[in-house]
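Written out below as structure tokens is the structure these notes cover.
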Amino acid sequence: MTLLERAFALRDETIARRRDFHQHPELAFNEVRTAQIVADELRNLGLEVTTGIAETGVIGLLHGAAKTPVLGLRFDMDALPIQEETGASYASLVPGKMHACGHDCHTAVGLSVAKLLAEKKDELQGTIKFIFQPAEEMDGGAARMIAEGALENPSLDYILGLHVWNELQLGWYGLTPGPTMAASEIFNVKLSGKGGHGAQPHVTRDPILAAAHIITALQSIVSRNINPLDTAVVSVCQVEAGTANNIIPQEALLTGTLRAFKPEVMTTVIERFKTIITEIAGTMGCQAEIELIKVTEPVINDPVLAELMTEVVLELQPDAKIKTDLQTMGGEDFSLMMQKAPGCFMMVGSANPARDLDYGHHHPKFDVDEACLPYAVAVMAQSALRVLEQRPK
Ligand code: NI
């Protein structure tokens, strides 16, 4: 049986697993049930398993006929705090939590890839490190796994990852040599003023008014400070202030995200961001505390690995279409792992408008066409074999 035939033989198992994970979504660092299933399955397959890395992360080592090179295959496991509205028979059983980004698919695909490659253990020209990561969506799961040594002993020579992608239709793949996903920073801003009676504004320092001016002025960064031929995003996504209709509050809180592909663009965004907030807050008699947290670096695919994966896709699925210029302002903390070894992150087209399966990621009706899953399994497994054989430089 070819790898593709084997991936299709595992199709029902892959889909059943995905639906099980989908029904039992778990948020960042709480992927306890998911991690248990992953660890049990990897042990059943004979892998050397380590659990509890970054709370719920799982590593599985598959030793082949040769010790090196070492290839990392990374799959993320976490869900989102969203109330599902798909109406699917396998919809989330947990109120307020949902796999609205497809990480349920990634975990299921990862387990099937592990099964296929474990069957080919004796032919493997190296070691495969399966990395099942918690908390991709928030709180920095990749950074914590790296800090806890997940990419050491053995260290990686290459790393591959994937994402189901509803901005591409079924049969399409995104394999962009070079930058494909943006760097991202999250921000928390606290504006402190002087509270008081809503009818006595002149004796207060209103942080809500300061927040309103700041939110508007921040939009001038992209429109007036960034070269129109470059790209950046400044989004205020949460505003919190006040407790009653006649109280001017002491504080207002803003949180949100900054995105860019180029480091120099991100530097400009951050400089302007700080200046605008500090100076407007000052003008309004308020004080600003700004916290910025780097979440991801840009995802920059190694061109040789992107080419190798493209060849594999076209061998396994000759009518597939490859998008080689896919760029999204979405961020991925896979980028932090790619700083340790050359890597490639593949987008697997999963949208099918004819079946109403084309809602965007993080939407309450997000779902994918599962027909992409056996191909994703075959492409990852075949690419792994190919990387270990060819050892691209
Ligand atoms: Ni995602």
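Computed from a predicted structure; not experimentally measured. Atoms within a ligand are numbered from 1 in the order they appear, just like the ligands themselves.
Minimum interatomic distance between His103 and Met77 (heavy atoms only, all atoms of both residues): CB-C, 4.1 Å. Smallest separation of non-hydrogen atoms from Val265 and Ala232: CG1-CB, 4.0 Å.
The Ni ion (ligand 1) is closest to atom NE2 of His163 (considering only N, O or S atoms). Of all N/O/S atoms in His103, NE2 sits nearest the Ni ion (ligand 1).
Here His106 does not reach the Ni ion (ligand 1): none of its N/O/S atoms is less than 2.8 Å from the metal. Taking 2.8 Å as the threshold, Cys101 counts as a candidate ligand of the Ni ion (ligand 1), since one of its N, O or S atoms lies below it.
In this pair, His106 and His163 present their aromatic rings perpendicular. The plane angle is above 60°, beyond the 30 to 60° band.
A donor atom on one side chain and an acceptor atom on the other are not found under 3.5 Å apart for Asn301 and Thr176.
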